[in-house]
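Contents: one structure, followed by commentary.
Throughout, protein chains are lettered first and strands after them, A, B, ... in sequence-line order, and every chain is numbered starting at 1.
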Amino acid sequence: MKFASSYEPGEYESDIYAAWEASGIFNPSVPTYPIDDNGDGVDDREGEEFEAYSIVMPPPNANGNLHIGHGLTVALEDSLIRYYRLKGLSTWYVPGADHAGFETWVVYERELEKQGHARFEFNRDELYARVWDFVAEQRGNMELQLRALGASCAWDDLTFTLDENVVDRVYTTFEKMWNDGMIYRGEKLVNFCPKHRTAFADIEVEHKDEKGTLWEIAYDDIVVSTTRPETLFGDTAIAVNPEDKRYKDRIGKTVHLPLTDREIPIIADEHADPEYGTGAVKITPAHDFDDFEVGERHNLERIQVIAEDGTMINVPERYDGLTTEECRKLVLADLKEQGLLKGEKKIEHSVAHCYKCGTVLEPMLKEQWFVDVQKLARVAIEHLEAGEIKFYPDNKRRVVIDYLKNLKDWNISRQIPWGIAIPMFRKITPEATDEPDWIFDRRTNLAEIEKAGVKYIRDEDTFDTWFSSSHWPIVCTGWTEENYNPYYPLNVMETGADILFAWVARMIMMGLYVTGEVPFREVYLHGLVLDAHGKKMSKSKGNVINPMDLVARFGSDAFRLGILRGRSAGMNQAFSENSVIAGRNLCNKLWNIARLVQSIVDEASEHLFSEPASPSSTSYTGTPTEPSLRDEPVGSVRNIRLSRSNRKMLREKGASDASGDYTTSNMGEDWICREINDCLEAVERDMAEYRFAEAVETLYQTIWDKYADWFLESQKLFQNTELLKQTLETLLIALHPFAPFVTEAIWQNLSWTDGFIATAKWPGRLQFDPIAAEQFENIRTIVNEVRGTLQALPGTNNSKKYGLLYDNDSLVQENELLIKNLTKVPTINSLDGAPRGLRLALANHEVYLDVPEKVVVEYKGALTERILAVGRELDALNARMMNPNYVEKAPRHLVKETEEQIEEKQALISRLKRELELI
RNA sequence: GGGUCUUUAGCUCAGUUGGCUAGAGCGCAGCAUUCACAUUGCUGAGGUCAGAGGUUCGAGCCCUCUAAGACCCACCA
């Protein structure tokens, strides 16, 4: 037995993935469909052009586990890859693993601490080797998890962010920038985490609004306001606004710096806001970003008073070595004692924090490597404004441009050992005066090098990970200066909207700088997956949802379908487990659809041949009883078939080849063909515009509400095996990008399919008779009306009690059996004699429910209500037509439609009134 | 301070360039039960589309303002 009564994902998923992977179909060098597609011995690719489709995965942390955001990423990216693979493109989904410089370092440093060590006990090479081993030990989990999610990536091409080719490429770029004069070493204020002892780029800083105190301190007779009294030892001036009358005559004079014996000048600078505090501000160029700039304008001395470990230096002995916090208390106490503390105010201000440990960052004067971003940003802006990259959502393009316009030089030095070493060496042979102080060299494995007799030592810093990550599309596609590479630029960069600036903007700048081309043609940004209540997931809140738990409970497909549901580009959205359950149910539904179709196919082959068609088709021993309606007299079925023209519907060229041609023989068959075609069209349109949720929704409705609930129900009467096979295949293929496992599991279990569905051909359109398809809508209307009315009638089990009568209605007559089957009414008869029972409110059909007079009377209220409702609709339509502007200005087809509707409603309402009178 | 986004059913969300009676899943209520599927079928209730104004023959959709919320950027001592 091939199809169990329910789909159990756990029994299939890992085997299916292993089979895919072993077959090499995820590899881009392999054609995505058989070379000889139609078995005629000729290579079908002859003369065809292969289109490439590439996506590189935003690399998950190599030694971590996937979180739900990765789950979303895979669901989105793999759907695209699988869709375009089915479309016949040569797809390449490059997987990645991130060394996650700072993140991993923080984890490892904690580990070191646990072992009772400090990082300063080891040199950089030792630390690097230790973290490498640590990562190697932990590695692999996330790669298995990607497989569990069904990511159809080319595993042979997995790129680790510390791979040799990555480092090479990063060094090449750095060298080019160095030669182009875009790299400089500067002593600047950087955001520095005293706990992790490293600097950050502006973008890594987390600003939080906090309550603080603004103290007023007297510097002689001038009172300044400050939130950081402990830095006064680093003050080298007082600034006042040049327009400020209060201080005009003091400019150029000096004041005494409290607690010291220094005099500092009073300078005029726009930075001082006369409205704020006392209008005078102390200037500490070494410990404040604004003051640094003021200092540059006025050539002020920079006195560093806080060391990298967060303790005081270069201060009077009394304060030396204290932490900033201790020092602040002591300074305030001393000032108070001397009567210099003039006041304090509670204020709210924004404070920079380490995004990892939350420590308050210290602006620190440090020599670092900077990238002059002016040119990079300018070029990127030009290409963006020219619209070379399409953004989903669209508004993010503008947001990136604005970001790039205000971008400041980029600090790429990090004082952590886990990362790509900066390939710069400092001269230590002082007498070699003609040689530059710094040289570029790739030999970063050496702590010291010699060149032309001059000795240099290595800079111990590593690159900001975003510097190397910005090369991701280049390194993952193996782009080189020499070769044509159809996979670069990428078709799309899919990633989180939260790293739009840190990553996407930098990839654009770097891609253009290195290759001269934008690195991707489109960008799809997804929002955050929030918890069920719309809150951000975080470990501390304990509301983190593990995608692997969901995969284990509901299956990979269910997870993918569930997480895509209702999600749109760039939007944060709450995660709903119910959507995953709905996905699981769809998988099971599809499974059972296949089970039914297979059983029909098996039965048909038993009828055709005295011997079973194939061993597999008879191995099915599911429900032995035949559907009762199949026992209907064959004659009546045949009559229906004969009453329709013998139309042979050839499939469109390019449609799936797995089954033979079909002939539609009843209007339900034409109808489902039309619905499936519409569905395919919608899915194609949605995929082109990254409307994943809509594509899934359409497939869900088509499979469940149309295929199962109407088409398969009608096929219980007349089985069109060829059409069943082909429509099932079509739906399986169409759903495959979103639910790869269940569709493959079914494909493998069906008796007539070959190969993998993962490499099947995207279906063409089905042929059908549009008039017949439209007529089936009438049947649906009749059936719906019968069902609804039966439910509304008093009593239970009405569908068993009352039959259906019709008068002069060929549609009902021809489809008696079908209507009977779908409504479950016991009988359908032509009306003999005068009308009786309850007439259905169908405008164009004379159909009665054969209910006794008593029931009709009881139904009177409902009928009255119905008349009122139709009356309201009619009023609305009439009002529209009374408006001369509508008749004049609205498109003619709409006006005509309104007129027709009015006629229809009027006919209906007068008929209903007559019915009411008769009761 | 600047910017982006959100507000539609009890919950989570769709609603493509304005066009008829605003949809889905889950939840809820009722009915069904030898059926491929209870991970089921059928039926139903539930919405002043945040509020106010405007444009238009016509607005959930476009414009203005207001309110509530989320996020991003920024040097406010």
Side-chain angles (χ1 to χ4, degrees), chain A residues 3 5-7 207 214 224-228 239 271-273 276-277 280-284 288-293 347 349-350 393 395-396 398-399 402-403 406 497-498 500-501 527-528 530 532-534 536 554 558 562 565-568 570-579 581-600 622-623 625 627-629 685-686 689 691 693-694 697 700-701 708-709 712-713 716 784 787-788 790-792 796-800 823-824 869 872-873 876-877 880 883-891 894-895 897-898 901:
Chain A
F3 286 101
S5 67
S6 66
Y7 174 60
H207 288 277
L214 189 66
V224 301
S225 307
T226 181
T227 52
R228 303 211 55 190
H271 167 64
D273 176 1
Y276 193 94
V281 53
K282 69 197 239 353
I283 300 298
T284 324
D288 183 282
F289 288 96
D290 293 331
D291 295 1
F292 181 85
E293 281 176 22
I347 55 155
H349 61 153
S350 134
N395 66 303
K396 297 291 183 188
R398 200 74 248 162
V399 175
D402 289 345
Y403 170 75
N406 299 313
D498 53 333
L500 178 62
F501 299 150
L528 294 177
L530 307 173
H533 308 290
K536 226 175 188 173
F554 304 111
R565 166 156 289 184
R567 225 163 267 280
S568 56
M571 294 290 301
N572 295 350
Q573 198 211 312
F575 175 80
S576 142
E577 191 171 295
N578 280 334
S579 296
I581 290 173
R584 189 263 321 255
N585 294 354
L586 178 67
C587 293
N588 189 59
K589 188 75 187 179
L590 193 60
W591 179 262
N592 276 288
I593 285 170
R595 193 155 91 114
L596 175 64
V597 171
Q598 181 68 64
S599 75
I600 292 171
T623 322
T625 49
S628 57
L629 282 162
R685 215 173 36 238
D686 289 339
E689 289 168 37
R691 296 155 57 86
E694 288 80 355
E697 194 65 37
Y700 189 103
Q701 306 292 340
D709 290 348
L712 285 187
E713 285 306 319
K716 285 176 179 173
N784 281 330
R787 284 172 175 172
L790 284 170
Q791 289 276 344
T796 60
N797 256 327
N798 288 329
S799 69
K800 280 185 183 157
T823 55
K824 307 270 196 279
R872 283 192 295 271
E873 286 167 23
L877 291 169
R880 198 177 301 161
N883 181 347
N885 283 324
Y886 175 72
V887 182
E888 211 174 291
K889 292 181 182 170
L894 281 175
V895 179
E897 213 173 82
T898 311
Q901 280 173 336

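Between A:Lys800 and A:Lys824, the closest side-chain pair of non-hydrogen atoms is not below 4.5 Å. Under the 4.5 Å side-chain criterion, counting only non-hydrogen atoms from C-beta, A:Tyr403 is not in contact with A:Leu500. Using a 4.5 Å heavy-atom cutoff, the side chains of A:Ser5 and A:Arg595 are in contact.
The line from CG of A:Leu586 to CD1 of A:Ile593 is 7.5 Å long, rounded to the nearest 0.5 Å. If you take OH on A:Tyr276 and NE2 on A:His271, they are separated by 10.5 Å, rounding to the nearest 0.5 Å. Remark: A:Asp288 CG to A:Thr227 OG1 distance equals 8.0 Å, nearest 0.5 Å. Atom CD1 in A:Ile600 sits 4.0 Å away from atom CG in A:Leu596 (nearest 0.5 Å). Taken to the nearest 0.5 Å, the CE atom of A:Met571 stands 10.5 Å off from the CZ atom of A:Arg567. To the nearest 0.5 Å, atoms OG1 (A:Thr823) and CG (A:Asn784) are separated by 11.0 Å.
Atom CZ in A:Arg567 sits roughly 14 Å away from atom P in B:rG15 (whole-Å rounding). Residue A:Leu586 contributes atom CG, which lies 19 Å from atom P of B:rA36 at whole-angstrom precision. Summarising the geometry, the separation between CG on A:Leu530 and P on B:rU6 is reported as 15 Å, rounded to the nearest angstrom. Taking atom CG on A:Asn592 and atom P on B:rA36, their separation rounds to 10 Å, with Å as the unit. Taking atom CG of residue A:Leu500 and atom C1' of nucleotide B:rG3, one finds them 13 Å apart after rounding to whole Å. One interatomic measurement links the two molecules: CE of A:Met571 to P of B:rU4, which rounds to 15 Å at whole-angstrom precision. Distance A:Glu713 CD to B:rC37 P: 12 Å, rounded to the nearest Å. Atom CD in A:Glu689 sits roughly 16 Å away from atom P in B:rA14 (whole-Å rounding).
For A:Asn588 (side chain) and A:Ser6 (main-chain N/O), no donor-acceptor pair under 3.5 Å exists by modelled atom type.
Comparing B:rU16 with B:rA68, their P atoms are spaced 28 Å from each other, to the whole Å. To the nearest whole angstrom, the two P atoms, one in B:rC63 and one in B:rU21, are 24 Å apart. When the P atom is used for both B:rG51 and B:rA32, the distance is 41 Å, rounded to whole Å. The gap from the C1' atom of B:rU34 to that of B:rG30 amounts to 23 Å, rounded to the nearest Å. Rounded to the nearest Å, the gap between the C1' atom of B:rG1 and that of B:rA74 is 8 Å. When the C1' atom is compared between B:rG3 and B:rG60, the two are found 25 Å apart, to the nearest whole Å. Rounded to whole Å, the separation between the P atoms of B:rA22 and B:rC65 comes to 30 Å. B:rG47 and B:rG23 have their P atoms separated by 14 Å, with the value rounded to a whole Å.
Among the atoms of the strands shown, only primed sugar atoms or phosphate atoms (P, OP1, OP2) are found under 4.0 Å from some heavy atom of A:Gln573. Residue-level contact check: A:Arg584 touches the bases, meaning some heavy atom is under 4.0 Å from a base atom. Contact annotation for A:Glu694: backbone-only contact, meaning every heavy-atom pair under 4.0 Å involves sugar-phosphate atoms and none involves a base.
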Report task. Produce a footprint string for nucleotides 17-29 of chain B: one letter per nucleotide, 5' end first; B if the base is under 4.0 Å from any protein heavy atom, S if only the sugar-phosphate is, - if neither. Result -> --BBB--SSS---

Query - Per-nucleotide protein contact string for nucleotides 69-77 of chain B (B base, S sugar-phosphate only, - none; heavy atom under 4.0 Å) - result: ---SS-B-B

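Using modelled atom types and a 3.5 Å distance limit, the side chains of A:Arg398 and A:Asn395 yield no donor-acceptor pair. Between A:Glu897 and A:Gln901, the side chains place no donor N or O within less than 3.5 Å of an acceptor N or O (distance only, hydrogens not considered).
Sequence order on RNA chain B of the closest nucleotides to A:Asn885 and A:Lys824 puts A:Lys824 first from the 5' end. Mapped onto RNA chain B by nearest heavy atom, A:Lys396 and A:Tyr7 fall at different nucleotides, with A:Lys396 at the one closer to the 5' end.
Using bins of under 30°, 30° to 60° and over 60° for the plane-to-plane angle, the ring pair A:Phe3/A:Trp591 lands in the perpendicular bin.
Here A:Lys800 does not reach the OP1 or OP2 of B:rC31: none of its side-chain N or O atoms lies under 4.0 Å away. OP1 or OP2 of B:rC37 lies within a sub-4.0 Å distance of a side-chain N or O belonging to A:Arg595.
Of the listed nucleotides (B:rU16, B:rG30, B:rU12), B:rU12 has the atom at the smallest distance from the side chain of A:Ala574. Out of B:rU43, B:rU39, B:rU16, the shortest distance to the side chain of A:Arg691 is found at B:rU16.
Taking all atoms of both residues into account, the shortest heavy-atom contact from A:Cys587 to A:Tyr7 is CB-CD2, 4.0 Å.
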**Report entry** Paired and unpaired positions of RNA chain B as dot-bracket, Watson-Crick or G-U wobble under 3.5 Å, | denoting a partner strand
**Finding:** (((((((..((((.....[...)))).(((((.......))))).....(((((..]....))))))))))))....

